[in-house]
Amino acid sequence: METIITIFLAILGIYFVIGFIFGLYFLFKGASKIDPLMQDTRKKVRILLFPGVIATWPFLMSKLFKSKTT
């Protein structure tokens, strides 16, 4: 049982680290590619959006790649 918990926590940690790195890029450069109104937002608003970006980074990454191709 301890092995399963360790594996689960390792996967969760990797998910968080990838989300953290993607979140930094997305909030300061990538979000304005999806939504042009994000260019005018303040840094405080972007900091408030940061936890949500970390949690939903796979969805946002797919949206970002789709917006680049179209």
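Only heavy atoms go into these numbers, but all of them, side chains included; no hydrogens, no water, no symmetry mates.
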Task: CE-CZ distance between M38 and F26, expressed to the nearest 0.5 angstrom - done: 7.0 Å
Task: Within residues 41-57 or reaching into it, pairs that qualify as side chain to side chain donor-acceptor pair (under 3.5 Å) - sequence neighbours excluded - done: T41-R46
Task: Co-membership, hydrophobic cluster, residues F16 and I47, 4.5 Å side-chain - done: no
Task: Evaluation steps, side-chain contact (heavy atoms from CB on, under 4.5 Å), between F22 and L64 - done: CA-CA 11 Å; F22 175 76; L64 185 63; 4.1 Å; yes
Task: Single-linkage hydrophobic cluster, 4.5 Å side-chain cutoff, I4 and L9 together - done: no
TODO: Group every Ile, Leu, Val, Met, Phe, Trp and Tyr by side-chain heavy-atom contacts under 4.5 Å, then state whether I54 and F59 land in the same group.
DONE: yes
Open item on the list: Would you say that Y15 contacts P58 through its side chain, given a criterion of any heavy-atom pair below 4.5 Å between the two side chains?
Closed with: yes
- [ ] Look at the side-chain heavy atoms of Ile, Leu, Val, Met, Phe, Trp and Tyr, link any pair under 4.5 Å apart, and say whether I11 and M1 land in one connected group.
- [x] no
Open item on the list: If the condition is ring-ring contact (aromatic ring centres under 6.0 Å, His included), which residues does F50 pass it with, not counting sequence neighbours?
Closed with: F20
TODO: Determine, using the 4.5 Å side-chain heavy-atom cutoff (strictly less than), whether L37 and L60 are members of one ILVMFWY cluster.
DONE: no
TODO: Please name the pair of heavy atoms, one in L49 and one in L27, separated by the smallest distance, quoted to 0.1 Å.
DONE: CB-CD2, 4.1 Å
Task: Smallest separation among heavy atoms of Q39 and S32, with atom names - done: CG-CB, 3.5 Å
